[in-house]
Amino acid sequence: MKTFKKNWEHFETESKLYNHWEKSGYFKPEVNPDGKPFVIAIPPPNVTGKLHIGHAYGTTLQDLMIRYHRLLGDASLYIPGMDHAGIATQTVVDKKLRKQGINKNELGREKFVEEVWKWKEEYGGEILKQLRAIGASCDWDRERFTLDEGLSSAVREAFVHLYKKDLIYRGEYIVNWCPKCGTAIADDEVEHVTQKAKLYYFKYDTNFPITIATTRPETKFGDTAVAVNPGDERYKEFIDKEFEINLDGVKRTIKVIADRAVDKEFGTGAVGVTPSHSLIDWKMAEDHGLSKVKVINEYGKMTSEAGRYEGMKVLEAREKLVEYLKSSELLEKETDIENNLSICYRCGGAIEPLPSLQWFVKMKPLVEKAKAAVKSGEIEIVPKRFEKVYFHWLDNIRDWCISRQLWWGHRIPVFYRKSANLEFKNQNLKLSKDDIFVGETPPGNLDDWVQDEDVLDTWFSSGLWPFSTLGWPKETSDYNKFYPTTVMETGYDIIFFWVARMIMMGLELTGKIPFKTVYLHGLVRDEQNRKMSKSLGNVLDPLDLIAKYGTDALRMALIVGSTPGQDVAIGESKIKGYRNFTNKIWNASRFVSLRVTDGDLQSGELGEGKIADLNIDEKLLTAADKKILGRHEEIKKTVTAHINKFQFSLAGEELYEYFWHEFCDEYIEASKDQLGSVIARKNDEAILKKEIAAPEGLAMTNNTKKILIKILSESLVLMHPYIPFVTDAVWQELREFVPDLADSIMISNWLK
RNA sequence: GCGCCCAUAGCUCAGUUGGUUAGAGCGCUACAUUGACAUUGUAGAGGUCAGAGGUUCGAGCCCUCUUGGGCGCACCA
């Protein structure tokens with residue numbers, strides 16, 4: 001005879017159940033062929049590495065919605081996939097190769113990219129295993145990778161489309177250059193950290209009348225103007241005058257200009273304008289027609305324009321120049337200030353703004369539609385306050401630099417005719433139409449053409465994710481059925497990088513919004529509400545936690561007590577608490593199963609009893625029965641309402657409280673009386689016979705059994721989106737003696 | 001500089017059209033328990049919901065201001 005184990009053994013059961021679900025095809029939207037589509041495209045994790053607890057949080061929220069809608073009867077599709085993560089992955093593989101003594105430049109582009117693919121195969125598989133461990137009910141047959149064939153062709157199509165509409169252009173502009181990564185990065189990939197710096201006050205030479213103040217003296221070799229505020233009386237007499245200067249051997253003509261951007265109060269109220277190495281100065285140069293001199297190169301070293309400083313690293317040049325200024329008595333003073341240093345969000349290295357030939361997407365023409373979609377409510381952002389952040393970003397957007405000087409990524413689908421392009425790279429010549437080809441394969445002899453060396457920003461391909469994963473640009477049946485997707489669940493930290501771009505790209509390329517709702521979750525922090533970091537040693541690995549407490553416990557702990565857009569603090573004690581909950585469910589089910597089948601409570605051996613049907617006799621209801629049945633109906637309604645409003649924490653908390661304290665503590669206790677005395681049954685045959693002989697007693701017992709089964713099985717369905725494993729494990733036990741239960745709880749029904 | 005969030009029990013947090021006695025987890029106290037579960041149960045302590053003012057029959061929730069903490073965007077050269 002089968003026994004009901006004493007404790008919930010998640011470790012043995014979870015992966016077995018998952019495999020069973022996957023094999024049975026329950027993750028496919030086709031289990032509800034007539035249902036309306038409910039679609040979530042997973043925010044594709046970077047192939048770079050392991051998933052962290054933040055991924056577990058997002059995945060849990062996504063899977064919760066998917067499982068809920070599957071139970072509602074919707075054609076639920078959860079599209080899995082991964083992102084090639086350009087810079088991040090290239091850097092990691094480069095490092096790995098260097099450790100093996102292999103230089104990527106000696107290896108060559110093709111071989112290097114092969115190495116990255118090998119790496120992707122190895123680590124990508126690990127990530128997929130982790131997603132499965134979290135319980136993600138993805139349709140794995142529809143798994144995508146941003147660099148797979150279909151998505152690559154979607155990327156080319158998108159590029160060509162935008163180019164033809166004149167929304168993509170190439171030009172030499174000041175960009176954020178990361179010398180460490182060796183590539184340009186976009187504006188929003190730059191982070192600012194406050195640092196202590198020195199502000200140096202000096203003159204270029206003794207003949208120059210104005211003292212300027214700067215934290216970066218070494219860039220002053222590239223100055224072509226000094227800007228002052230138009231209302232600043234001190235400098236009025238110099239405005240529009242030109243001066244020949246000699247800064248330690250470097251000769252320049254400096255024009256004094258008036259610009260409102262200059263703050264009279266800061267420093268001396270006079271700014272040395274360095275058009276090539278400051279965005280603001282670049283703009284001033286455009287406005288005032290100043291020449292631009294590049295004194296720092298792509299390696300973070302001084303160029304020949306810096307005279308004897310050529311070849312020095314930026315910091316070295318700064319030191320040397322300050323020494324010179326001191327010795328020539330040009331330095332008036334230096335003060336300590338706090339300022340913001342721009343760093344690369346990937347590598348943390350200092351950003352050098354410098355002019356560079358890059359590809360850009362014009363953003364302004366895409367902004368209005370993207371704003372309108374949210375303003376009209378066509379796209380809903382949860383929580384709503386992030387709409388403001390979204391609008392603010394769109395209102396202040398600048399063109400998006402999409403070319404990256406990397407090898408790992410989508411190579412830009414642009415070809416130049418060899419005979420014509422020789423000077424192009426350096427001089428930004430306008431090529432004639434015949435000499436540039438934008439698309440997949442240039443016409444005529446391929447040998448006549450050379451493809452652009454650069455790849456596209458990772459976010460260019462992820463911007464297409466909701467539709468490229470469904471087959472776009474082809475009008476596949478999946479695309480027709482499942483696009484637009486329903487919910488985009490992701491972290492608030494990538495609202496600009498990703499969410500806004502998907503909306504813009506979706507509207508431009510498909511003419512439709514890419515998703516109806518954006519649900520933004522917060523950061524996962526530790527028990528003391530600190531950021532998780534390796535140096536603090538407070539990083540929680542989801543796989544460790546799953547091994548220890550079970551996936552269900554982790555999922556519940558992540559959801560209950562957390563709200564959208566708000567960071568969530570989590571520690572082992574909370575997870576442990578919910579592990580106790582999963583065990584409580586298991587044991588309550590054990591009790592119910594054993595009593596209903598007349599099994600043995602001590603050994604856990606199930607009896608022969610079966611439930612014939614679930615028709616409850618209203619006339620036999622006790623006060624306890626009525627109470628729990630009433631509460632049960634209420635709970636169904638409120639839980640449904642909460643989930644529909646994305647209030648997952650509230651619904652989870654309610655289920656927890658209801659199941660444990662109302663069903664277990666109150667009703668199950670009350671049911672013990674209604675079911676008759678166990679001791680009597682065990683020890684006294686006569687009493688047992690008497691009980692069975694009494695028709696009302698037996699009817700009461702049977703009615704109570706039916707109520708127990710009804711409440712238990714329906715509660716399991718309600719809890720399944722939160723804790724998929726223990727609920728299905730119990731469901732499988734119940735199927736032994738309860739009629740008409742679906743093969744798996746995950747394909748049963750939400751409210752019968 | 002512009003904007004956003006937070007301040008509720010010892011700790012971490014829920015509390016969404018304003019409506020009984022403000023909740024959960026963990027922690028704490030006392031007791032119980034060979035009968036599903038000690039990964040348990042019962043009972044309990046613990047809150048002037050940051051402060052001040054306002055709207056209202058009624059405010060943790062709405063409005064204004066103050067204080068303290070955090071974040072985002074922009075950026076000072």
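Chain letters run A, B, ... following the sequence lines, proteins first and then strands; every chain starts at 1. Being a predicted model, the structure only gives us computed values, none of them experimental.
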Atom pairs and distances, side-chain donor-acceptor, residues 658-670 of chain A, under 3.5 Å, sequence neighbours left out:
residue: Y658(A); atom: OH; partner: H632(A); partner atom: ND1; Å: 2.8
residue: H661(A); atom: ND1; partner: D665(A); partner atom: OD2; Å: 2.9
residue: E662(A); atom: OE1; partner: R631(A); partner atom: NE; Å: 2.7
residue: E662(A); atom: OE2; partner: R631(A); partner atom: NE; Å: 3.4
residue: E662(A); atom: OE2; partner: R631(A); partner atom: NH2; Å: 2.8
residue: E666(A); atom: OE1; partner: K627(A); partner atom: NZ; Å: 2.8
residue: Y667(A); atom: OH; partner: D625(A); partner atom: OD1; Å: 2.5
residue: E669(A); atom: OE1; partner: K672(A); partner atom: NZ; Å: 3.4
residue: E669(A); atom: OE2; partner: K672(A); partner atom: NZ; Å: 3.2

Which donor-acceptor pairs under 3.5 Å do side chains of residues 259-267 of chain A form with protein atoms, sequence neighbours excluded?
residue: D259(A); atom: OD1; partner: A261(A); partner atom: N; Å: 2.9
residue: D259(A); atom: OD2; partner: H288(A); partner atom: NE2; Å: 3.1
residue: D263(A); atom: OD1; partner: E265(A); partner atom: N; Å: 2.9

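With sequence neighbours excluded, the residues that form a salt bridge (Lys or Arg N to Asp or Glu O under 4.0 Å) with E12(A) are K5(A). For R501(A), the salt bridge (Lys or Arg N to Asp or Glu O under 4.0 Å) test picks out D188(A), with sequence neighbours left out. Qualifying salt bridge (Lys or Arg N to Asp or Glu O under 4.0 Å) partners for K548(A), counting only residues two or more places apart in sequence or in other chains: E572(A). Under the ring-ring contact (aromatic ring centres under 6.0 Å, His included) criterion, W586(A) pairs with F4(A), W8(A), not counting sequence neighbours. Among residues two or more places apart in sequence or in another chain, the ring-ring contact (aromatic ring centres under 6.0 Å, His included) test is passed with F496(A) by W393(A). D287(A) pairs by the side chain to side chain contact (heavy atoms under 4.5 Å, CB included) definition with nothing, not counting sequence neighbours. Partners of H521(A) under the ring-ring contact (aromatic ring centres under 6.0 Å, His included) rule, at least two apart in sequence or in another chain, are Y57(A).
Of the candidates G25(B), C37(B), A74(B), G25(B) carries the atom nearest the Y656(A) side chain, counting heavy atoms from C-beta on. Taking only side-chain atoms of N583(A), from C-beta outward, the nucleotide of C75(B), U39(B), C5(B) with the closest atom is U39(B).
Nucleotides C61(B) and G53(B) have their P atoms positioned 14 Å apart, rounded to a whole Å.
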Once pairs are restricted to Watson-Crick or G-U wobble with both distances under 3.5 Å, how does RNA chain B read as a dot-bracket string, [ ] for crossings and | for other-strand pairs? (((((((..((((.....[...)))).((((((....).))))).....(((((..]....))))))))))))....
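Using modelled atom types and a 3.5 Å distance limit, the side chains of T638(A) and E654(A) yield a donor-acceptor pair.
Only A213(A), T214(A), T215(A), K220(A), listed by number, bring a heavy atom of residues 213-221 of chain A to less than 4.0 angstrom from any atom of RNA chain B.
If G565(A) and K576(A) are placed on RNA chain B by their nearest nucleotide, the residue sitting closer to the 5' end is G565(A).
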So if I define the base as every atom that isn't primed, P, OP1 or OP2, how would nucleotides 11-23 of chain B read as a B/S/- string at a heavy-atom cutoff under 4.0 Å? -SSSSB-------
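Between I494(A) atom CD1 and G72(B) atom C1' there is a gap of 15 Å when expressed in whole angstrom units. Between L394(A) atom CG and A74(B) atom P there is a gap of 13 Å when expressed in whole angstrom units.
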